[in-house]
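The structure under discussion appears below in the form of structure tokens.
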Amino acid sequence: MTDRLTIATWNINSVRLRMPIVERLLRDHGPDVLCLQETKCPDANFPEGAFRKLGYEHVAINGQKGYHGVAVVSRRPLAEVERRGFCDKGDARHIAVSVPFGGTSLRLHNFYVPAGGDEPDREINEKFGHKLDFMGEMRSWLAGEEARRPAVVVGDLNVAPFEHDVWSHKALLKVVSHTPVETELFEEIRRAGNWIDAMREVVPPTDKLYTWWSYRAKDWDAADKGRRLDHVWLSQPLAGTLRSVAVLREARGWEKPSDHVPVMTVLEG
DNA sequence: ATGACGTGCAACGCACGA
């Protein structure tokens, strides 16, 4: 008897403001687990009751006031909740849970990597330095035991690693999210743990693939100046379980949208 | 290719996003 698990990840840009479209995703697409980033919500104000009513009775949150914040809501029980700090900032950018899968369980890591500010130079922009330091801590940690167990890394990693992960490779080479120092470090982290880039397993590297479109573009759909900032990685023990990955592009056009869209992954095992 | 926008906080503009 094989088990089928659907995991969605979505940078929601304020979970309280966007509950109507969160409910739409859960009702219409029914993922088993939803990982949220940028909840912008203290734990005490997280709309847990609304999720419970929709059948998502298991909630693990790591929030803070005003900024950042991550959460996992699930139809399946969540165990071993871990909130890891990076760069000793005391900010809420990671949460890990264990989810039942295929008679055993998988470890699920939900990340919100720092955006990195405007200037891609750590000498003049402390935020860029923070981003690189954060990624450096991810590299050593995700290369170890986490990579050897059945594990999934999802979230807004704030790097578009490949040429066709941005609308114009040339135009964005000096723009934070697609600079060589970031894209090389990103791939170094992934390769250090032999993590599988699930989205690129199902979409050829020559096809454009985005998960984010700026609020500032007048017609985001027609201009289509997107970037792939949200990611799904699978550890090697989960190789062979990947059935599909879908980017829910239409969600960018929903009422009061986030600037990111959900990415839905189906595993069977 | 930057930013025309959007968020939370406590303003009544600011920091931040990427």
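Reckoned from all heavy atoms, side chains included, excluding hydrogens, waters and symmetry mates. All chains are named by letter (A, B, ...) in the order of the sequence lines, taking the proteins before the strands, and each is independently numbered beginning at 1. Remember, predicted model here, so these are calculated numbers, not experimental data.
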Is A:D219 touching bases, backbone alone, or none of the nucleic acid, heavy atoms closer than 4.0 Å?
nothing
Do any side-chain nitrogens or oxygens of A:H260 fall under 4.0 Å of OP1 or OP2 in B:dG17?
no
Would you classify A:W167 as touching base, sugar-phosphate or nothing, given that sugar-phosphate means primed atoms plus P, OP1 and OP2, and contacts are heavy atoms under 4.0 Å?
base
Among residues 124-136 of chain A, which residues get a heavy atom nearer than 4.0 Å to DNA chain B?
A:K127
With sequence neighbours left out, write down each residue that passes salt bridge (charged side-chain N to carboxylate O under 4.0 Å, His left out) with A:D118, or none if nothing qualifies.
none
Test: ring pair (Phe, Tyr, Trp, His ring centres under 6.0 Å). Region: residues 58-81 of chain A. Which pairs qualify, not counting sequence neighbours?
A:H68-A:Y112
As a quick check of understanding, evaluate side chain to side chain donor-acceptor pair (under 3.5 Å) for A:D156 and A:Q37, giving each step before the final call.
CA-CA 7 Å; A:D156 178 2; A:Q37 304 87 36; over 6 Å; no
Does any pair with a residue in residues 86-105 of chain A pass salt bridge (Lys or Arg N to Asp or Glu O under 4.0 Å), and if so which ones, sequence neighbours excluded?
A:K89-A:E126, A:D91-A:R93
Among residues 109-118 of chain A, which contact DNA chain B at a heavy-atom distance under 4.0 Å?
A:Y112, A:A115, A:D118
Taking side chain to side chain donor-acceptor pair (under 3.5 Å) as the cut-off, I'd like each qualifying pair that reaches into residues 130-142 of chain A, sequence neighbours left out, listed once.
A:R122-A:D133, A:K131-A:E182, A:R139-A:E188
With rounding to whole Å, what would you report as the distance between B:dT7 and B:dT2 at their P atoms?
24 Å
Nearest-nucleotide check on DNA chain B, A:N11 vs A:L172; residue mapping nearer the 5' end is A:L172
Under the salt bridge (charged side-chain N to carboxylate O under 4.0 Å, His left out) rule, collect the residues that match up with A:R83, sequence neighbours excluded.
none
When A:A171 and A:E38 are each assigned the nearest nucleotide of DNA chain B, the 5'-most assignment goes to A:A171
Which whole-number value in Å describes the distance from A:W212 CH2 to B:dC16 P?
18 Å
Out of A:T9, A:T211, A:D230, which one pairs with A:H260 under the side-chain hydrogen bond (donor to acceptor under 3.5 Å, both in side chains) rule?
A:D230
What's the gap between B:dA18 and B:dA1 when it is taken at their C1' atoms, as a whole Å value?
12 Å
Side chain to side chain donor-acceptor pair (under 3.5 Å) pairs touching residues 14-29 of chain A, sequence neighbours excluded, are A:R18-A:Y215
Please list, chain by chain and in numerical order, all residues satisfying salt bridge (charged side-chain N to carboxylate O under 4.0 Å, His left out) with A:D121, sequence neighbours excluded.
none
State which residues pass salt bridge (charged side-chain N to carboxylate O under 4.0 Å, His left out) with A:D197; sequence neighbours excluded, sorted by chain then number.
A:R228
Given protein heavy atoms under 4.0 Å, the one-letter contact record of nucleotides 6-14 of chain B, with B base, S sugar-phosphate only and - none, is simply SSSSS----
May I have the distance from A:H68 (atom NE2) to B:dG17 (atom C1'), rounded to whole angstrom?
10 Å
Enumerate the residue pairs fulfilling salt bridge (Lys or Arg N to Asp or Glu O under 4.0 Å) with a member in residues 231-247 of chain A, sequence neighbours excluded, ordered by first and then second residue.
A:R243-A:E268
